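The structure appears below as structure tokens.
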Amino acid sequence: MNESASDVVIVGAGPYGLSAAAHLRNVGLEVRVIGTPMRFWEENMPEGMFLKSEPFASSLGAPQAGMAFTDRHPGWRTGQPIPLDTFIAYGRWFAAETVPDIETAEVVSVERGGPAGYVVTLSTGETAVTRTVVLAVGVGPFAHIPDELSGMPSWLLSHSTAHRDLTLFAGKDVAVVGAGQSALETAVLLADAGARPHVVARRGTLDWNTVPREPRPLRAKITGGPRSGLGTGYRTWLWAERPGLVRHLPYRRRQRIVRETLPPAGAWWLRDRLDERVQVTTGRQLVKAVEQDDGIALTTVDRTGDRLVIEADHIIAATGFVPNVQRLTMLSPEIRVRVDTRLGAPVLTRDFESSLPGLYFAGLAAAATFGPVMRFVHGSDFAGRRIAHHIIRRTPRLRPAPRALEPEGNP
């Protein structure tokens, strides 16, 4: 079995893994990034999807100038939705420019051991010995299925992240559970693909985001607050642009901020597309789901206790993600037990380090500590920068930093 040593191993090559790698590589550390760049975005997001975030808030983080999404696409303006394929291409361009030697393998296990601290085993059979592991696994491992739907076979029930191609549901009745962007856009794309979607939501009414405008008048900025990567408003700006301060708030307050900031709502540009092709039932709580003939029967109740059974060929749960260290099966049982958690999420320091020295968590897993921006691409620069600075301070040796990268197209 081949074995090698490196300063840092980053598990995952999505926005957070790439951002951390870009900052670490810039100071000369030997960093191995394991994963296929933007793989989850390409394989687990539906064709035809658009990003909900604005162009200025859709950038990966790098210490070099010229690497933002709007640098790569200078003509993209506020209020112009970004197609999924355009964002994937941007992420892969970013990877090629900042971390060109990414290893397209998978991490099979991460264990404690050896003088360096961790042993990382790859799907190739190779093991990497390192003192530092950064887990940037994205949202995939944390896909949430409500208890009322659990136990159903995969041909009757799936999470919204399980489908790239929705045409396989053409001609079928599909119940989509949820009221957020994922549920509403999935329903529209199902209708586009020839399915008969039925949105089933617990919320009493569907909410929609307002149309963004730029530039905003000075009076609007003063009364409504500044614009940030999460929206408009003074508190929203704080959660988006100063996540390091969020960590100092009481735990329950942080949980409420994560839950209430950008609650379930559809993007403004999706509203007209949710037309008569999509049946919508709101104000309904899930009770149970059972197999019925070749389909599934979903029982719901409203506030008065009135029951309604919705029949479908398939249910798609667009019910979000819940971080839980126990679901990261690449971590050894010993590590999963020893990492301090609260309600399943890792308890992190100001530098994203867990209770095990040298083990860092980035992305959604860090939201319970740093707030709602960790649910979005916009948080990747803060996370990458903070993680890199801490690792640099703890690394006993440094190689000379490489020359800062120039954006493509510069002389």
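Along the sequence shown, the residues carry numbers beginning at 1. This one's a predicted model, so the numbers in the text were calculated from it and none came from an experiment.
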Should Arg72 and Glu97 count as an ion pair when the cut-off is N to O under 4.0 Å?
no
Rounded distance (nearest 0.5 Å) linking atom NE2 of His159 with atom CG of Leu149
10.5 Å
Mind checking whether Gln326 and Arg336 have side chains closer than 4.5 Å, heavy atoms only?
yes
If the plane angle is over 60° it's perpendicular, under 30° parallel, otherwise tilted; pick one for Phe69 and His73.
tilted
Hey, does the side chain of Glu42 reach the backbone of Ile88 with a donor-acceptor pair shorter than 3.5 angstrom?
no
Are Leu135 and Leu331 packed together at the side-chain level, in the sense that at least one heavy-atom pair is separated by less than 4.5 angstrom?
yes
Heavy-atom pair of closest approach, residues Val199 and Ala187:
CG2-CB, 3.5 Å
Within the structure provided, determine whether Thr369 and Val347 are in side-chain contact (heavy-atom separation under 4.5 Å).
no
Nearest-0.5 Å distance that lies between atom CG in Leu122 and atom CZ in Arg32:
5.5 Å
Go through it in stages, so that I can follow the logic: the residues are Arg271 and Asp207, the test is salt bridge (Lys or Arg N to Asp or Glu O under 4.0 Å), and I'd like the CA-CA distance, side-chain angles, deciding distance and then a yes or no.
CA-CA 10 Å; Arg271 190 167 191 169; Asp207 291 330; over 6 Å; no
Side-chain contact, heavy-atom cut-off 4.5 Å: Lys52 with Phe376?
no
Ion pair Arg394/Glu353, N-O distance below 4.0 Å:
yes
Under a 3.5 Å cutoff, is there a donor and acceptor pairing between the side chains of Asp306 and Thr304?
no
Heavy atoms of other groups near Arg203 CZ, more than 12 under 6.0 Å:
yes
Are more than 12 heavy atoms, taken from residues, nucleotides or ligands other than Asp165, located less than 6.0 Å from that residue's CG atom?
yes
Backbone of Leu249 reached by a side-chain donor or acceptor of Arg254 within 3.5 Å:
yes
Residue pair Arg375 / Thr261, side-chain donor-acceptor N/O under 3.5 Å:
no
Minimum heavy-atom distance Ile296-Ala289, with the two atoms named:
CD1-CB, 4.0 Å
Testing the basics here: between Gly75 and Gln80, what is the closest heavy-atom pair and its distance to 0.1 Å?
O-OE1, 3.7 Å
Please report the closest heavy-atom contact between Arg25 and Leu29, naming both atoms and the distance.
CD-O, 3.9 Å
Backbone N/O of Gly204 and side chain of Thr282: donor-acceptor pair under 3.5 Å:
yes
Side chain to side chain contact (heavy atoms under 4.5 Å, CB included) assessment of Leu328 paired with Phe142:
CA-CA 9 Å; Leu328 299 177; Phe142 307 126; 3.7 Å; yes
Any donor-acceptor pair under 3.5 Å from Glu334 side chain to Glu111 backbone
no
Please check if the side chain of Ser332 supplies one atom and the backbone of Ser109 the other of a donor-acceptor pair under 3.5 Å.
no
Could you tell me if the side chain of Trp93 sits less than 4.5 Å from the side chain of Tyr90, heavy atoms only?
yes
Give a yes/no verdict on a cation-pi contact between Arg112 and Tyr118, requiring under 6.0 Å between NZ or CZ and the six-membered ring centre and an angle within 45° of the axis.
yes
Does the Asn44 side chain pair with the main chain of Thr161, one donor and one acceptor, at a distance under 3.5 Å?
yes
Indicate whether the side chain of Ser53 and that of His378 have a donor and an acceptor atom separated by less than 3.5 Å.
no
What heavy-atom pair brings Trp268 and Thr210 nearest, and what distance separates the two atoms?
CD1-O, 3.7 Å
Between Ser380 and Val377, is there a donor-acceptor pair closer than 3.5 Å when you use the side chain of the first and the backbone of the second?
yes
If you measure from the Lys or Arg side-chain nitrogens to the Asp or Glu carboxylate oxygens, is any gap between Asp85 and Arg92 under 4.0 Å?
no
Nearest 0.5 angstrom please: Leu270 CG to Gln181 CD, how far?
5.0 Å
Could you tell me which non-hydrogen atom of Pro46 sits nearest to which non-hydrogen atom of Leu84, and how far apart they are?
O-CD2, 3.6 Å
Spatial distance of atom CZ (Arg350) from atom CG (Leu245) [nearest 0.5 Å]
10.5 Å
Please confirm whether the ring centroid of Phe169 lies under 6.0 Å from the ring centroid of His314.
yes
Check whether any side-chain heavy atom of Ser354 lies under 4.5 Å from a side-chain heavy atom of Leu348, and answer yes or no.
yes
Step by step, would you call Tyr360 with Val8 a side chain to side chain contact (heavy atoms under 4.5 Å, CB included)?
CA-CA 11 Å; Tyr360 297 78; Val8 185; over 6 Å; no
Might you work through the side chain to side chain contact (heavy atoms under 4.5 Å, CB included) test for Leu184 and Val188, ending with a clear yes or no?
CA-CA 6 Å; Leu184 302 180; Val188 168; 5.8 Å; no
I'd like to know whether Ile392 forms a side chain to side chain contact (heavy atoms under 4.5 Å, CB included) with His23, so could you lay out the CA-CA distance, the side-chain angles of the two residues, the decisive distance to 0.1 Å, and finally the verdict.
CA-CA 10 Å; Ile392 291 163; His23 283 285; over 6 Å; no
Just verifying a value: how many Å separate Asp173 CG and Ile315 CD1, rounded to the nearest 0.5 Å?
11.5 Å
4.5 Å side-chain heavy-atom contact, Arg227 and Thr78
yes
Does atom CZ of Arg235 have more than 12 heavy-atom neighbours from other groups under 6.0 Å away?
no
Consider only side-chain N and O atoms of Ser160 and Thr186, and report whether a donor and an acceptor are under 3.5 Å apart.
no
Please round to the nearest 0.5 Å and tell me the distance separating atom CG of Leu308 and atom OG1 of Thr300.
4.5 Å
Is Leu274 close to Val280 at the side-chain level, that is, under 4.5 Å between some pair of heavy atoms?
yes
Under 30°, 30 to 60°, or over 60°: which ring-plane class applies to Phe370 and Phe352, parallel, tilted or perpendicular?
parallel
